[in-house]
Amino acid sequence: MREIPVRRFDVVQRELVKAFEERKSLTDQKVVSLSQELDDHIVTLQKLKQKSSCSNLVANKLQERC
């Protein structure tokens, strides 16, 4: 169950990078929307990390992003 948020995080992150590369603007609506969605996923993963006392999967994914 915890892998789903991590997978979605990875998908949104790739979409954000692609959208920025295509649009070359941090203020483009698509880029902003994806960035906000990614922020939501970060918060979700942080909450999972706290609840699961640093579950290896979640902790590793968060550390990779820092």
Chi angles and distances behind the side chain to side chain contact (heavy atoms under 4.5 Å, CB included) call for Q13, H41
CA-CA 10 Å; Q13 183 182 36; H41 288 295; over 6 Å; no
Partners of Q36 by side chain to side chain contact (heavy atoms under 4.5 Å, CB included), sequence neighbours excluded?
V32
Looking at S35 and V31, would you say the former's side chain and the latter's main chain have a donor-acceptor pair under 3.5 Å?
no
Can you tell me how far the CD atom of E37 sits from the CD1 atom of I42, to the nearest 0.5 Å?
11.5 Å
Which donor-acceptor pairs under 3.5 Å do side chains of residues 20-27 form with protein atoms, sequence neighbours excluded?
from : atom 1 : to  : atom 2 : distance (Å)
R23  : NE     : D28 : OD2    : 3.0
K24  : NZ     : E21 : O      : 3.1
S25  : OG     : T27 : N      : 3.2
S25  : OG     : T27 : OG1    : 3.0
S25  : OG     : D28 : N      : 3.3

Distance from L45 atom CG to D40 atom CG, nearest 0.5 Å?
11.0 Å
